[in-house]
A.B. asks: 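I'd like to ask you about the structure that follows.
FYI, side chains are in, hydrogens and waters are out, and symmetry mates aren't considered; it's all heavy atoms of this structure. Nothing here was measured: the structure is a model prediction, and the numbers come from that model.
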Amino acid sequence: IEEFIKSNKQSYDLVIATEVVEHLSNISDFLEETKKILAPSGQILLTTPNKDFTKKDFVWLTDLPPVHVTWLGKKSFLVLGSQKQFEVSFISFRNYYPKNENRFIKYLRFQRDIDPKPVFNDNGIPIIKSEETRFPFLRNIIKWLVHGFPPLRLFSNILFNYLYPDDNTLGVILKPIETNRRLD
């Protein structure tokens, strides 16, 4: 980006970086450099996996390094914005999901896929039987209830959207605070 900036200072109204910042070890420098190519009223729109979407006790719940080297939530961007002189706002993509998508089911699948599963039992013996094969009849009934029974599907989605407004993708809009803008 340093080379690109040399010939593109204050050129762009909008810089879009979708699923980029989680791959960077120094997001602060990226934002500072990107600010230089923004036109006077320009903004940065970025998306990244949302740390706020997971349980608070998770230490890391996205692709492991060296693929993703950071994992951020809203508080992280508020701090970065303050440090780098950006107004920070957040955008939800919930209105862009298909109407038949159930965010509750999406959340359950996300948690299941990333929740660490033990390989050994308490005695150090390898676990051969997975939880998915232990109670197939019960799992099928629950799956049918949540997926196939429209009133329960609709109710679970409405309740989940009310109780859990965050999504697994965090959308962030960064607008430089004009009084502190530098053009270096």
A.B. asks: What residues form a salt bridge (Lys or Arg N to Asp or Glu O under 4.0 Å) with K51, not counting sequence neighbours?
C.D. replies: none

A.B. asks: When you look at T48 and T169, which way does the side chain to side chain contact (heavy atoms under 4.5 Å, CB included) test go after all the steps?
C.D. replies: CA-CA 6 Å; T48 188; T169 298; over 6 Å; no

A.B. asks: Under the rule for side chain to side chain contact (heavy atoms under 4.5 Å, CB included), what residues qualify as partners of N26, not counting sequence neighbours?
C.D. replies: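 N26 satisfies side chain to side chain contact (heavy atoms under 4.5 Å, CB included) with S28, D29 only.
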
A.B. asks: Answer yes or no: is there a donor N or O on one side and an acceptor on the other, between the side chain of S82 and the main chain of L80, under 3.5 Å?
C.D. replies: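 Side chain of S82 to backbone of L80, a donor-acceptor pair under 3.5 Å: no, none is there.
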
A.B. asks: Determine yes or no for a side-chain-to-main-chain donor-acceptor pair under 3.5 angstrom, with T34 supplying the side chain and L31 the backbone.
C.D. replies: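 Pair absent, no side-chain N/O of T34 close to backbone of L31.
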
A.B. asks: In chain order, what residues pass the side-chain hydrogen bond (donor to acceptor under 3.5 Å, both in side chains) check against K75, with sequence neighbours excluded?
C.D. replies: none

A.B. asks: Dump the intermediate steps for side chain to side chain contact (heavy atoms under 4.5 Å, CB included) on F90 and L78, then the final yes or no.
C.D. replies: CA-CA 10 Å; F90 301 99; L78 292 171; 4.1 Å; yes

A.B. asks: Can you list everything that forms a side-chain hydrogen bond (donor to acceptor under 3.5 Å, both in side chains) with E19? Sequence neighbours excluded, please.
C.D. replies: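 Expected list: T47.
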
A.B. asks: Mind checking what makes side chain to side chain contact (heavy atoms under 4.5 Å, CB included) contact with E87, not counting sequence neighbours?
C.D. replies: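 Partners of E87 by the side chain to side chain contact (heavy atoms under 4.5 Å, CB included) criterion, ordered by chain and then number, come out as K175, I177.
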
A.B. asks: Going by the rule side-chain hydrogen bond (donor to acceptor under 3.5 Å, both in side chains), which residues pair with S89 if we only count those two or more places apart in sequence or in a different chain?
C.D. replies: none

A.B. asks: Residues in salt bridge (Lys or Arg N to Asp or Glu O under 4.0 Å) with K74, at least two apart?
C.D. replies: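 Counting only residues at least two positions away or on another chain, K74 forms a salt bridge (Lys or Arg N to Asp or Glu O under 4.0 Å) with D166.
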
A.B. asks: As a quick check of understanding, evaluate side chain to side chain contact (heavy atoms under 4.5 Å, CB included) for T18 and L46, giving each step before the final call.
C.D. replies: CA-CA 5 Å; T18 58; L46 58 87; over 6 Å; no

A.B. asks: Going by side chain to side chain contact (heavy atoms under 4.5 Å, CB included), name the residues that satisfy it together with F155, two or more places apart in sequence or in a different chain.
C.D. replies: L159

A.B. asks: Donor-acceptor check, side chain of T70 to backbone of V21, threshold 3.5 angstrom: yes or no?
C.D. replies: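 Yes, the answer is positive, given that a donor and an acceptor are paired below the 3.5 Å cut-off.
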
A.B. asks: Under a 4.5 Å cut-off applied to non-hydrogen side-chain atoms, are I5 and I37 in contact?
C.D. replies: yes

A.B. asks: Just by modelled atom types, is the V67 backbone N or O under 3.5 Å from a matching donor or acceptor in the H23 side chain?
C.D. replies: yes

A.B. asks: Contact between I91 and V172 at the side-chain level, heavy atoms closer than 4.5 Å - yes or no?
C.D. replies: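 When only atoms from C-beta onward are counted, V172 and I91 do not touch, as no gap falls below 4.5 Å.
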
A.B. asks: Q83: which residues meet the side-chain hydrogen bond (donor to acceptor under 3.5 Å, both in side chains) condition with it, sequence neighbours left out?
C.D. replies: none

A.B. asks: Evaluate the side chain to side chain contact (heavy atoms under 4.5 Å, CB included) criterion for residues F86 and F77: first the C-alpha distance (whole Å), next the side-chain angles of each, then the deciding distance (0.1 Å), finally the verdict.
C.D. replies: CA-CA 10 Å; F86 282 101; F77 282 101; over 6 Å; no

A.B. asks: Could you list the residues that satisfy side chain to side chain contact (heavy atoms under 4.5 Å, CB included) with D122, not counting sequence neighbours?
C.D. replies: none

